[in-house]
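The model shown is predicted, which means the values in this text are computed figures rather than measured ones. Atoms within a ligand are numbered from 1 in the order they appear, just like the ligands themselves.
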Amino acid sequence: MSIKQNLQTIKSSIPEHITLVAVSKTKPVSDIMEAYNAGHKIFGENKVQDMVEKYEQMPKDILWHMIGHVQRNKVKYMASFVSLIHGVDNFKLLKEINKQAKKHNRIIDCLLQIKIAEEDSKFGMSAEDASKILFSEAFSALKNINITGVMGMATFTDNETQIKKEFNTLKSTFDSLKSYEKFNFKPEIISMGMSGDYKLAIDCGSTMIRVGSSIFGARNYSN
Ligand SMILES: *Cc1c(COP(=O)(O)O)cnc(C)c1O
């Protein structure tokens, strides 16, 4: 199956209101261009450096999503163009994004990454940390960021019951945070679901899925 066919298959199997982020990490520009030429414009990368290189080479109407863990000192490289940062898991990072966004006279959309997996390896904050941030005065001072929702990654397991439980946790966290809505917190997005579990994620309330290998094929990290 071609990249174009894979995209069509996925798009026809999900409701129209679901945003599909095509995760192009480790894939060459030629593969991404194939998806672009098939009409897809939203791509996700997990390394700032790779995203910058691809941004520079590719059409400027692409919406670039940073889906990986972000180090504060890398924010400046993507601040001029990044469309959505999914993995915000601490206030210091939020402050840095605000600072860099201001330099570029932009408001940068971000998601708070909530830790829903049992594994220790997954990043993210607790629901309590998130509500503390959203409720704080320091957060109200950040005029150049807009938190548009939450992101989560389920445990890497075949156990559907567990994945479902974790997705439900993210949905209920989102629902509980909604009451904090303000000028820089406009909750609309629940980013959850990848190639193996996006259908389940949508059933659990996802509004944005991040799909890589089902579109571009398996990744080879050795090259
Ligand atoms: C790689 C990655 C994905 C996509 O994974 P696939 O299983 O290839 O669909 C989604 N989200 C994040 C955060 C990722 O790093």
Side-chain angles (χ1 to χ4, degrees), residues 1-11 13-14 18-28 31-32 34-35 38 40 42-52 54 62-71 74-75 78 82-90 93 109-125 148-160 162-164 166-167 169-171 173-174 189-223:
M1 288 268 267
S2 68
I3 290 169
K4 183 178 177 174
Q5 283 170 324
N6 290 338
L7 267 172
Q8 279 169 350
T9 305
I10 295 169
K11 282 186 181 173
S13 74
I14 60 175
I18 305 290
T19 304
L20 171 63
V21 180
V23 175
S24 50
K25 65 187 184 196
T26 78
K27 297 294 177 183
D31 283 7
I32 311 175
E34 209 175 315
H40 199 76
I42 307 174
F43 296 96
E45 289 284 330
N46 70 338
K47 294 207 170 73
V48 173
Q49 174 100 34
D50 292 351
M51 189 172 76
V52 169
K54 289 170 181 177
I62 288 176
L63 302 176
W64 291 101
H65 287 206
M66 174 42 59
I67 62 168
H69 186 70
V70 179
Q71 287 169 293
K74 301 275 171 68
V75 173
M78 62 175 169
V82 67
S83 169
L84 179 65
I85 302 176
H86 289 237
V88 177
D89 65 354
N90 65 80
L93 176 59
D109 288 350
C110 301
L111 304 178
L112 295 182
Q113 182 168 0
I114 308 294
K115 182 171 159 50
I116 53 173
E118 274 170 21
E119 298 163 272
D120 282 339
S121 59
K122 297 278 195 298
F123 293 103
M125 59 173 85
T148 53
V150 295
M151 180 269 210
M153 282 177 89
T155 302
F156 188 70
T157 173
D158 289 335
N159 184 344
E160 268 209 10
Q162 184 177 353
I163 298 175
K164 197 172 170 193
E166 294 174 0
F167 284 159
T169 301
L170 189 60
K171 168 74 166 100
T173 301
F174 175 82
I189 297 169
I190 302 176
S191 167
M192 62 182 183
M194 316 188 350
S195 289
D197 55 22
Y198 70 85
K199 288 192 177 119
L200 184 59
I202 292 169
D203 288 342
C204 295
S206 171
T207 70
M208 182 176 277
I209 58 175
R210 310 176 306 267
V211 179
S213 42
S214 290
I215 296 172
F216 295 106
R219 283 177 295 275
N220 179 356
Y221 285 100
S222 64
N223 58 20

Worksheet entry | Distance-minimising heavy-atom pair for Leu84 and Cys110 | CD1-N, 3.8 Å
Item to complete: Tell me which protein heavy atom sits closest to atom 5 (O) of ligand 1, plus the residue, atom name and distance to 0.1 Å.
Response: Met194 CE, 3.6 Å
Worksheet item: Near Ser195, which atoms of ligand 1 are under 4.0 Å from a heavy atom of that residue?
Response: 6 (P), 7 (O), 8 (O), 9 (O)
Worksheet, complete the sentence: atom 11 (N) of ligand 1: closest protein heavy atom, distance to 0.1 Å, is Arg210 NE, 2.8 Å
Worksheet item: Under 3.5 Å, N or O to N or O, is Asn46 touching ligand 1 that way?
Response: no
Response to the item:
Residues Arg210 and Ser191: closest non-hydrogen pair is NH1-OG, 2.9 Å
Discussion item. Quick check on side-chain contact (heavy atoms from CB on, under 4.5 Å): which of Val23, Ile32, Thr26 does Glu45 satisfy it with?
Written reply: Ile32
Discussion item. For ligand 1, which is the ligand I care about here, please tell me if Ser214 has any N or O atom under 3.5 Å from one of the ligand's N or O atoms.
Written reply: no
Discussion item. Within the 4.0 Å heavy-atom shell around Val211, which atoms of ligand 1 are there?
Written reply: 9 (O)
Worksheet item: Taking the inter-plane angle between the rings of His65 and His86 on a 0 to 90° scale, is it parallel (under 30°), tilted (30 to 60°) or perpendicular (over 60°)?
Response: tilted
Discussion item. Is it the case that ligand 1 has an N or O less than 3.5 angstrom from some N or O of Ile67?
Written reply: no
Fill in: Side chain, backbone, both or neither: His86 near ligand 1, heavy atoms under 4.0 Å
neither
Worksheet item: Within less than 4.0 angstrom of ligand 1, does Arg219 place any heavy atom?
Response: yes
Response to the item:
Heavy atoms of Ser83 and Asp109 approach each other most closely as O-CB, 3.7 Å
Worksheet entry | Close side-chain approach of Lys47 to Lys74, heavy-atom, < 4.5 Å | no
Item to complete: Find out whether Val70 and Val88 are in side-chain contact, i.e. whether some heavy atom of one side chain is under 4.5 Å from a heavy atom of the other.
Response: no
Fill in: CA sep, side-chain torsions, deciding dist, call: Glu34, Ser2, side chain to side chain donor-acceptor pair (under 3.5 Å)
CA-CA 9 Å; Glu34 209 175 315; Ser2 68; 4.9 Å; no
Worksheet entry | Ligand-side contact atoms (ligand 1) for residue partner Gly212, heavy atom cut-off under 4.0 Å | 4 (C), 6 (P), 8 (O), 9 (O)
Practice prompt. State the atoms of ligand 1, each with its element, that fall below the 4.0 Å cut-off from a heavy-atom position in Lys25.
Written response: 1 (C), 2 (C), 3 (C), 14 (C), 15 (O)
